[in-house]
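Sequence positions, counted from 1, serve as the residue numbers for this chain.
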Amino acid sequence: MAMTSADIKRYTDYIRGSFQKICFFIQASLILLVLNSCATTSDLDNLRTDIKNTRIATLHQQKDISELKEKIAQLSNEVNTLKGAAVKEQAFGAVKESQLSALQQISELNAEIQTLKGRLDESKYASDKSLKDLLTERELQNAKIAAIEKELAEIKKSAGVLAEHRKVPAVDQKPTQEPPPSDINAVEKPDVKDPQKIFEAAQADFKGKRFAQAKQGYERLIKEFPKHQHVPASQFGIAETYFAEKKYEDAILSYENFIKKYPTNDKVKTAMLKQGYSFIELGDKKTGKVILEKLIEKYPRSAETELAKKKLAEMLPKKKR
């Protein structure tokens with residue numbers, strides 16, 4: 001609360017009265033000292049100390065008086081300012097009106113921002129739904145392909161049995177030539193039922209760059225042994241085969257399927273990295289950049305993060321010399 005002029009005057013009078021009392025006390029002490037010639041050295045020292053303290057107190061009071069004078073001057077200036085403010089009331093009204101207009105514009109901008117945010121959320125939802133639909137469609141197609149392959153195998157098996165029954169010896173029959181293998185590097189594998197061996201064979205095919213055979217092995221393990229410990233690795237392996245074959249759209253969908261099914265798996269970092277790479281290879285650098293930045297934020301100390309930072313640095317526009 002600001003001090004009024006009356007309060008300042010009362011405080012000043014009080015300080016002056018105190019100062020006069022102190023001076024009177026000093027004079028009385030000096031008179032007593034002169035009258036009492038038998039005063040001891042200790043009494044003289046005490047008197048000197050009192051005089052010193054009195055001087056210090058006097059200095060403080062003088063300082064307070066100076067500060068009070070400054071406050072009085074400030075109050076006078078404020079009074080003059082208030083008098084001038086009355087003249088500027090009309091101009092203040094205009095400024096206030098301008099501020100209200102600015103606040104209204106800010107409110108309208110906030111409404112626009114909320115609208116844009118809503119549209120962005122809708123777009124994100126639609127994008128996520130589209131990706132989910134694509135994954136679902138992909139799984140349905142895989143299931144259909146598996147069913148067709150199974151049916152084809154049964155037909156081949158039936159055809160083989162019929163051929164055995166219809167065999168007729170012929171004199172001039174030429175020896176049947178075996179069809180050439182589809183892959184010169186393919187290794188004939190027995191029809192094993194051990195999931196560990198199926199997984200190892202798929203891994204060997206992948207290392208040998210026989211990606212189609214590797215993918216078939218991974219898919220077989222997932223289908224026949226859905227709860228086996230190598231199912232997550234097989235799901236990741238399928239995505240890796242698509243990426244190796246540069247089928248980037250299929251790779252993106254397969255990596256996304258893996259991330260959603262196994263969000264705590266250690267390979268999620270690699271899946272995110274390869275997803276970002278795939279979008280960039282498809283020409284969608286914006287989405288690729290978003291995924292790589294998300295990887296850096298979520299796994300800041302991983303090797304995949306270092307690769308993501310390197311890729312983002314390569315995407316920056318080169319400065320002209």
Side-chain angles (χ1 to χ4, degrees), residues 106-139 142 199 203 206-207 211 214-215 218-219 222 226 228-321:
I106 291 171
S107 178
E108 291 174 355
L109 286 174
N110 284 333
E112 289 184 17
I113 290 171
Q114 291 298 325
T115 303
L116 290 173
K117 186 178 179 182
R119 290 177 182 175
L120 181 62
D121 291 339
E122 290 176 1
S123 176
K124 184 179 178 183
Y125 172 78
S127 177
D128 291 343
K129 187 175 183 302
S130 177
L131 185 59
K132 185 177 180 180
D133 292 341
L134 286 172
L135 287 172
T136 304
E137 181 65 22
R138 181 68 189 174
E139 290 177 356
N142 285 337
F199 179 74
Q203 291 286 79
F206 184 84
K207 290 180 181 179
F211 302 121
K215 187 161 57 204
Y218 293 136
E219 289 173 346
I222 294 170
H228 194 268
Q229 61 178 351
H230 289 317
V231 167
S234 297
Q235 192 73 55
F236 180 77
I238 292 171
E240 289 283 86
T241 59
Y242 282 128
F243 185 83
E245 291 175 324
K246 298 183 179 181
K247 297 179 180 179
Y248 296 117
E249 291 180 355
D250 292 329
I252 290 168
L253 296 175
S254 294
Y255 284 128
E256 185 66 18
N257 192 20
F258 172 78
I259 292 169
K260 288 186 176 180
K261 283 186 177 180
Y262 312 104
T264 59
N265 193 283
D266 190 54
K267 291 291 185 181
V268 168
K269 300 187 291 292
T270 306
M272 292 178 68
L273 181 69
K274 296 288 184 69
Q275 255 192 343
Y277 285 172
S278 297
F279 273 111
I280 293 168
E281 291 294 333
L282 291 171
D284 190 353
K285 293 183 179 181
K286 185 177 180 181
T287 305
K289 182 181 177 184
V290 169
I291 293 174
L292 294 180
E293 288 174 347
K294 185 177 179 182
L295 167 65
I296 294 169
E297 180 183 355
K298 194 172 182 180
Y299 305 100
R301 296 182 180 178
S302 64
E304 289 80 3
T305 287
E306 296 302 319
L307 293 172
K309 288 179 179 178
K310 185 178 179 182
K311 190 65 176 179
L312 290 174
E314 293 174 358
M315 293 169 61
L316 293 174
K318 295 182 180 179
K319 294 181 180 180
K320 296 182 179 180
R321 295 182 179 178

Please examine the side chains of Glu245 and Asp250, heavy atoms only from C-beta on, and report whether any two atoms are closer than 4.5 Å.
-> no
Please tell me if the side chains of Lys309 and Leu312 come closer than 4.5 Å, counting only heavy atoms from C-beta onward.
-> no
N/O donor to acceptor pairs below 3.5 angstrom from side-chain atoms of residues 285-298, sequence neighbours left out:
| residue | atom | partner | partner atom | Å |
| --- | --- | --- | --- | --- |
| Thr287 | OG1 | Asp284 | OD1 | 3.1 |
| Thr287 | OG1 | Asp284 | OD2 | 2.7 |

Between Val231 and Pro226, the two heavy atoms sitting closest are CG2-O, 3.5 Å
What are the two closest non-hydrogen atoms of Ala251 and Ala239, and how far apart are they?
-> CB-O, 4.0 Å
State, yes or no, whether a side-chain contact exists between Tyr218 and Gln203 at a heavy-atom distance under 4.5 Å.
-> yes
Can you name the nearest heavy-atom pair linking Pro232 to Asn265, along with the distance?
-> CB-ND2, 3.9 Å
Just say parallel, tilted or perpendicular for the rings of Phe199 and His230, cut-offs at 30° and 60°.
-> parallel
Who pairs with Glu240 by side chain to side chain donor-acceptor pair (under 3.5 Å), at least two apart in sequence or on another chain?
-> Tyr255, Lys274
Inter-residue atom distance Ile259.CD1 - Met272.CE, 0.5 Å rounding = 6.0 Å
Glu314: side-chain contact (heavy atoms from CB on, under 4.5 Å) partners, not counting sequence neighbours | Lys310, Lys311
If you round to the nearest 0.5 Å, how far is OG of Ser278 from CD1 of Ile252?
-> 5.0 Å
Write out all pairs satisfying ring-ring contact (aromatic ring centres under 6.0 Å, His included) with one or both partners inside residues 260-315, taking only residues at least two apart or from two chains.
-> Phe258-Tyr262
Sorted by chain and residue number, the salt bridge (Lys or Arg N to Asp or Glu O under 4.0 Å) partners of Glu304 (sequence neighbours excluded) come out as none
Does a side-chain heavy-atom distance below 4.5 Å link Glu249 with Leu253?
-> no
Taking salt bridge (Lys or Arg N to Asp or Glu O under 4.0 Å) as the test, write out the residues that go with Lys267, two or more places apart.
-> none
Would you indicate whether the side-chain heavy atoms of Asn257 and Ile238 approach each other to under 4.5 Å?
-> no
Could I get the full list of salt bridge (Lys or Arg N to Asp or Glu O under 4.0 Å) partners for Glu281, not counting sequence neighbours?
-> none
